[in-house]
Amino acid sequence: MAHVQRAARLRNLRSGQLKILGQISLSHLCHIKGCRHDTSHSEAQNSRQSPDAEQVRSYLPIDNMSGHQRKWRFKMNRRKTLLSSSTLLTIVVAANVSCSVNGMMPNRENFGTAWQTVSCKTFDVPNSIAAPGCVLLRGLGVPGSCVPCPSRVSGPFGGGGAACAARPLRPRTTRFFGRVFLPHQSDCGYVTVPEQHEQADGRTIQLAVVRVRSTGNMPAPDPLFVEQGGPGDTTIGVFVNAAIPGKSPGLITILKSRDLIFVEERGTRYSKPFLSCPEINAYKIAVAKGEKEATDPGWIKACNDRFKSQGIDTSAFNTRENATDIYFVAKTLGYRQFNFYGGSYGTLLGEYVIAQTDKHQAKLRSAILDGVMRPDIDFNLASSHTISYALRTVFHDCAQDQRCSHTYPNLEQKFLTVVDQLNQNPIPITLTVPSSKDTIATKLDGTTLIDGILPSLYGTTDANDVPRLVHAASQGDFRWIEKPLSNALVTGNAREMYHTVLCARTKSLGVSPSQVLPVPYPQVLPLGKREADSVRRACEVINVELKPPFIYENRETPILVLNGAYDPVTPQPYGQAVASNFKTAHVFTFPSVGHISLILKPGLPAAACSAQIAAAFLNNPIQPPDSSCLSLIKPAFVYE
């Protein structure tokens, strides 16, 4: 073998060194590390050589020689030693120790036949997430720039994944000699699944899937599946294309210890089919103009008829099938065990995933539920209660804060008074359609005022804006409300999927919100009725198959429950109620946080704290995580 012949030339090396060099060459190192060594500098010097772009070479050129004359030369001068025995031993040990662990990680080349690789651009994944990276490798005597990795990596450890390649070796020598190019950080593709899992030979659909590989030294073999809410929102769009590039501490921290798997739920943006209803945008604009009644279901029927004409069984788009999809993808990617994270509706999906874990080959290790939906409550009907619960928490925190209470006194009373005044005498405002920039003259009443405040409850920023907005409204200043109401005129989510998921669960909704939450503000009651009536009309139109009531199963699964104190849709009592159904449940509420506690922007105390708690839980789901960081999170408010 070539590397043995090269080793034989090293007559001045000790026998121990000969043995090591006879077993490893640079190409083997690249095989072990899952990367490709760069020789572009030598190719530039020797234009006659045109090696196969997929070939992994292992020579160390030092002169401008033809291919048959190229020699491997090592100088044994101590100052210029390129591969000392200690350096090489370090490389061998580092490669073997880390890659032997990561050899357990599924390689894309070994994914099941249901997997179809596509360019990550198909899902609009940013280059910073999809593309490989270049690192300097010490101790290897080859300068030069990086070149792409081969699509298939073989060798002693069979292509152990990018997590293995993501770590430059650190041998003792301090001299840089070359670079290696890491494999792609993400794997993107479609997984073909049955439209109805009980009909394995029937129609199929495609789920968009992105695996972002761990950046850690020795990632755990069980990844974290991450799922978004809605229902109908895009998982890949929210997490892969926004949260990770935005360096959200929660995902970035977890990525250090394990792979992240993002499954675009059936019916949502990047999966096929995408159950979007563009008809809703024209409907919303017409309602704002006063041209249609808010109760008009025409757009729902038009959208549903369009999908039925394509032969799509809309009854197949429900939470039971969604949960089975997760296990199907885990099996296709070759994972024997995995963890689950769900936010908002993703928590309800997580509850179904937990209930199914004893029915599949791949097993669920643990689950993180963030912004928890109760499976037995209609969250739309309950929105009057949950919004009131969140507003009361904000008003209480402001009253307890010296500056806030001084700047915005009597906040609760001001809010209720303004809502009553607007319901009695709506005022004219002008909205702007985001897509066309057309302006719309409409009316602002008390319920619409609450709609405009909701985004400040949902989101979490450096300081909460609700007291300032309520105070401004009490002073007759409503300029701030035009932006959030304008943004609400256009939606790009899977509205048909939203309806099919909710309607299929009608039999599970056996608990009234008044049984578990305080009495809502009377002024907020119309909002809950409006939302519940809207879904009821949609269910009458689309007429999907109703699924049996949800039942908790596999209660021994460890769960972590995260609540936001200002969450206007999934309040703390929901999380506590769900947690009570499991033997091991860790429940934490984050002060001054809205809907979703783990996916926050960098710099927020709550962001670092939730990331720390989630990482500790995944490391040991049975052990209660250290939550002392919660004491550092204090309510903060926006001032003029």
Side-chain angles (χ1 to χ4, degrees), residues 233 242 277-296 299 383-384 386-388 390-391 394-395 398 404 407-408 411-493 495 521 523-524 526-528 530-531 534 566-569 594-595 601 637-640:
D233 288 346
C277 292
E279 297 89 346
I280 190 176
N281 295 328
Y283 156 80
K284 286 185 173 183
I285 292 171
V287 171
K289 289 180 177 179
E291 298 172 355
K292 283 189 176 182
E293 294 294 328
T295 56
D296 186 347
W299 70 273
S383 58
S384 297
T386 56
I387 292 171
S388 297
L391 285 171
V394 174
F395 297 154
C398 181
C404 188
T407 307
Y408 310 123
L411 203 58
E412 181 179 53
Q413 187 57 48
K414 287 180 179 178
F415 166 74
L416 298 175
T417 299
V418 172
V419 173
D420 287 338
Q421 291 174 345
L422 288 175
N423 281 331
Q424 295 171 7
N425 298 295
I427 64 172
I429 58 171
T430 300
L431 305 182
T432 303
V433 181
S435 56
S436 65
K437 304 304 179 185
D438 293 339
T439 57
I440 298 174
T442 187
K443 294 284 188 178
L444 175 68
D445 61 17
T447 301
T448 313
L449 173 73
I450 300 171
D451 288 331
I453 289 175
L454 280 179
S456 294
L457 286 172
Y458 270 93
T460 302
T461 56
D462 298 302
N464 188 271
D465 208 21
V466 171
R468 184 185 69 85
L469 300 181
V470 171
H471 179 75
S474 70
Q475 301 296 312
D477 180 3
F478 297 98
R479 292 171 297 176
W480 56 269
I481 204 168
E482 294 181 356
K483 182 177 180 179
L485 294 182
S486 294
N487 291 338
L489 291 172
V490 177
T491 180
N493 65 1
R495 198 65 180 184
Y521 294 125
Q523 291 86 343
V524 186
L527 194 148
R530 180 193 70 189
E531 296 302 308
S534 174
Y566 296 166
D567 190 333
V569 63
H595 190 53
K601 73 175 187 176
F637 302 99
V638 175
Y639 301 96
E640 296 291 351

Using only heavy-atom distances, determine whether the side chains of N493 and T491 contain a donor-acceptor pair under 3.5 Å. yes
Using modelled atom types and a 3.5 Å cut-off, is there a donor and acceptor pairing between side-chain atoms of T386 and backbone atoms of S383? yes
Rounded to the nearest 0.5 Å, what's the gap from CG on L416 to OH on Y521? Could you check? 6.0 Å
Shortest non-hydrogen separation from G452 to W480 and the atoms involved: O-CZ3, 3.9 Å
V287 to E293 - nearest heavy-atom pair and separation: CG2-O, 3.9 Å
Please step through side chain to side chain contact (heavy atoms under 4.5 Å, CB included) for the pair K292 and W299, ending with a clear verdict. CA-CA 11 Å; K292 283 189 176 182; W299 70 273; 5.9 Å; no
What pairs with E482 under side chain to side chain donor-acceptor pair (under 3.5 Å), at least two apart in sequence or on another chain? none
Does the D477 side chain pair with the main chain of R479, one donor and one acceptor, at a distance under 3.5 Å? yes
Nearest 0.5 Å please: distance from the CG atom of D567 over to the CD1 atom of I387. 10.5 Å
Between D420 and T417, does any side-chain donor sit less than 3.5 Å from a side-chain acceptor? no
Validation row: I285, E291 side chains within 4.5 angstrom (heavy atoms): no
Give, for atom CG of D445 and atom OG1 of T448, the distance between the pair rounded to the nearest 0.5 Å. 3.5 Å
Point-to-point distance, once rounded to the nearest 0.5 Å, from CG of L449 to CD1 of I481: 4.5 Å
Specify the closest pair of heavy atoms between A488 and K284, including all atoms of both residues, with the distance to one decimal. O-NZ, 3.0 Å
Rounded distance (nearest 0.5 Å) linking atom CD of Q523 with atom CD1 of I450: 8.0 Å
Would the distance check show the side chain of S456 and the main-chain N or O of D465 forming a donor-acceptor pair, the cut-off being under 3.5 Å? no
Compare all side-chain heavy atoms of Y639 with those of C404 and state whether any distance is below 4.5 angstrom. yes
Can you check whether L485 reaches I429 side chain to side chain, under 4.5 Å on heavy atoms? yes
Please identify each residue that fulfils salt bridge (Lys or Arg N to Asp or Glu O under 4.0 Å) with D451, with sequence neighbours left out. R530
How long is the straight-line distance from SG of C398 back to CZ of R468, given to the nearest 0.5 Å? 13.0 Å
One pair to check against side chain to side chain contact (heavy atoms under 4.5 Å, CB included): D462 and K601. What are the steps and the verdict? CA-CA 9 Å; D462 298 302; K601 73 175 187 176; 2.9 Å; yes
With sequence neighbours excluded, residues passing side chain to side chain donor-acceptor pair (under 3.5 Å) with S474: none
Does N423 use its side chain to pair, donor to acceptor, with the backbone of G446 at less than 3.5 Å? yes
T461 versus N464, closest heavy-atom pair with distance: OG1-N, 4.5 Å
Quick check: does any side chain N or O of S384 sit under 3.5 Å from a backbone N or O of V524, one acting as donor and the other as acceptor? yes
Testing L411, V419, V418 for side-chain contact (heavy atoms from CB on, under 4.5 Å) with F415, which one passes? V419
N487 to P434 - nearest heavy-atom pair and separation: CA-CG, 4.0 Å
Look at the aromatic rings of Y458 and H595 and report parallel, tilted or perpendicular, splitting at 30° and 60°. perpendicular
Show the numbers, then the answer: is there a side chain to side chain contact (heavy atoms under 4.5 Å, CB included) between L489 and I440? CA-CA 11 Å; L489 291 172; I440 298 174; 4.1 Å; yes
On a heavy-atom basis, which atom in T460 and which in G594 lie closest, and how many Å separate them? OG1-N, 2.8 Å
Would you indicate whether the side-chain heavy atoms of K414 and Y408 approach each other to under 4.5 Å? no
